[in-house]
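See structure below.
Along the sequence shown, residues carry numbers from 1. As the structure is a prediction and not an experimental result, all values here were calculated from the model.
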Amino acid sequence: MSKAVSALNGASFSGMADVIETGLTGMITLRGALSDATFQQAVVDATGCAVPAQRKVIQVGGNVVVWMSPDELLIVTDHAKAPAMVDTLSAALKGQHALAVNVSDARACFTLKGVGARETLAKVAPVDFDGAAFSTGDVRRSRLAQVAGAVWLNADGSFTIVCFRSVGQYVFDLLKTAAHPLSAVNALG
């Protein structure tokens, strides 16, 4: 069996914001009736997190549960723990109309942090990243220039960005260009 590697082997860039590919990250797509009590309990038992409200993220310890749509959550955890968590969720939801899939190796994950992080994201996604409109625990699924992605704001002020692995290099280069010091709004004037 081959050794798992992340999309970009931890690539990073420092500019007006720091762009860091997070390395191996466990990610599980969980679909089902988010309002169902059995579904909610399965999420709590597996992750320690409640099911988040619409467009919200909940983090407990090393687990993050992200609202993705009215019937879908993204669970972010340790890469090595993802397969067992899928088994736990599948067993707890047996007989339910639900699906838990390990998508860890099909996604790329980035951290964006620093004083220019909001400006960097505002250049590449049609989302209002102003502090009054996008605060800690908020998540948006949107475009990152020409590709799909999800972005949320962590308690430490950093952003997490998730995209398909196949476009990981594109997203890294996009964020790197948008975070370049000479790309700052009014950089030359």
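- Looking at heavy atoms from C-beta onward, Trp152 lies out of side-chain contact with Ile161 at the 4.5 angstrom threshold.
- Phe110 places none of its side-chain heavy atoms less than 4.5 Å from the side chain of Thr22.
- Between the CG atom in Asp78 and the CE atom in Met85 there is a gap of 9.0 Å [rounded to 0.5 Å].
- The two residues Ser90 and Ala100 come nearest to each other via the heavy atoms OG-CB, 3.9 Å.
- In this structure, Phe164 places its CZ atom where only 12 or fewer heavy-atom neighbours from other residues, nucleotides or ligands lie under 6.0 Å away.
- To the nearest 0.5 angstrom, Arg141 atom CZ is 4.0 Å from Met68 atom CE.
- Hydrophobic clustering, with ILVMFWY side chains joined whenever heavy atoms are under 4.5 angstrom apart, keeps Ile58 apart from Leu34.
- Annotation: side-chain hydrogen bond (donor to acceptor under 3.5 Å, both in side chains) contacts involving residues 158-171, sequence neighbours excluded, comprise Asn154-Ser158, Asn154-Thr160, Asp156-Ser158, Gln169-Asp173.
- Scanning all heavy atoms of the two residues, the minimum distance from Ser6 to Leu24 falls at N-CD2, 3.5 Å.
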Quiz item: Going through the distances and angles, do Arg140 and Arg55 end up as a side-chain contact (heavy atoms from CB on, under 4.5 Å)?
Solution: CA-CA 6 Å; Arg140 294 296 182 274; Arg55 293 186 177 171; 3.7 Å; yes
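- In this structure, Leu89 and Ala42 approach most closely via the heavy-atom pair CD2-O, 3.6 Å.
- Judged by distance alone, with hydrogens and angles left aside, the side-chain atoms of Arg143 form a donor-acceptor pair with the main-chain N or O of Ala145 at under 3.5 Å.
- Put simply, the side chain of Val171 reaches to within 4.5 Å of the side chain of Val147, judged on heavy atoms.
- Rounded to the nearest 0.5 Å, atoms NZ (Lys56) and CG (Asp138) are 3.5 Å apart.
- The backbone N or O of Trp67 lies less than 3.5 Å from no partner atom in the side chain of Ser69, so there is not a single donor-acceptor pair.
- Looking only at side-chain heavy atoms (C-beta outward), Arg107 and Cys163 stay at 4.5 Å or farther from each other.
- Both Leu8 and Val167 are members of a single hydrophobic cluster when ILVMFWY side chains are connected at heavy-atom separations under 4.5 Å.
- Phe159 and Val19 end up in the same hydrophobic cluster when Ile, Leu, Val, Met, Phe, Trp and Tyr side chains are linked at under 4.5 Å.
- Within a 6.0 Å sphere centred on CZ of Arg31, other residues, nucleotides and ligands contribute more than 12 heavy atoms.
- Scanning all heavy atoms of the two residues, the minimum distance from Ala155 to Thr136 falls at CA-CG2, 3.6 Å.
- Under the 3.5 Å distance criterion, with hydrogens and angles disregarded, no donor-acceptor pair is assigned to the side chains of Glu21 and Ser12.
- Val57 and Val65 fall into different hydrophobic clusters, where Ile, Leu, Val, Met, Phe, Trp and Tyr are joined by side-chain heavy atoms under 4.5 Å apart, directly or via other members.
- The list of side-chain hydrogen bond (donor to acceptor under 3.5 Å, both in side chains) pairs with a residue in residues 32-42, not counting sequence neighbours, reads Gln41-Asp45.
- Looking only at side-chain heavy atoms (C-beta outward), Leu73 and Val43 come within less than 4.5 Å of each other.
- With a 4.5 Å cut-off on side-chain heavy atoms, Val76 and Asn63 do not count as touching.
- Taking every heavy atom of both residues into account, Asn102 and Ala82 meet most closely at ND2-CB, 3.8 Å.
- Interatomic distance, CZ of Phe172 versus CZ of Phe13, reported as 8.0 Å (0.5 Å rounding).
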Donor-acceptor pairs under 3.5 angstrom involving side-chain atoms of residues 114-125: please list them, not counting sequence neighbours.
unit_1 : atom_1 : unit_2 : atom_2 : d
Arg118 : NH1    : Phe129 : O      : 2.4
Arg118 : NH1    : Phe134 : O      : 3.0
Arg118 : NH2    : Phe134 : O      : 3.2
Glu119 : OE2    : Val185 : N      : 2.6
Thr120 : OG1    : Gly116 : O      : 2.8
Lys123 : NZ     : Ala178 : O      : 2.7
Lys123 : NZ     : Ser183 : O      : 2.6
Lys123 : NZ     : Ser183 : OG     : 2.9

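- Between atom CD1 of residue Ile20 and atom OG1 of residue Thr111 there is a gap of 5.5 Å, rounded to the nearest 0.5 Å.
- Under the 4.5 Å side-chain contact rule for hydrophobic residues, Leu153 and Val127 share a cluster.
- The line from CE of Met27 to OG of Ser104 is 6.5 Å long, rounded to the nearest 0.5 Å.
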Self-check item: CA sep, side-chain torsions, deciding dist, call: Thr77, Thr47, side-chain contact (heavy atoms from CB on, under 4.5 Å)
Solution: CA-CA 8 Å; Thr77 191; Thr47 67; over 6 Å; no
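- The two atoms that bring Ala50 and Val44 nearest to each other are CA-CG2, 3.9 Å, heavy atoms only.
- Contact check for Val139 versus Val151: no side-chain heavy atoms found under the 4.5 Å cut-off.
- Considering only heavy atoms from C-beta on, Val162 comes within 4.5 Å of Cys109 through its side chain.
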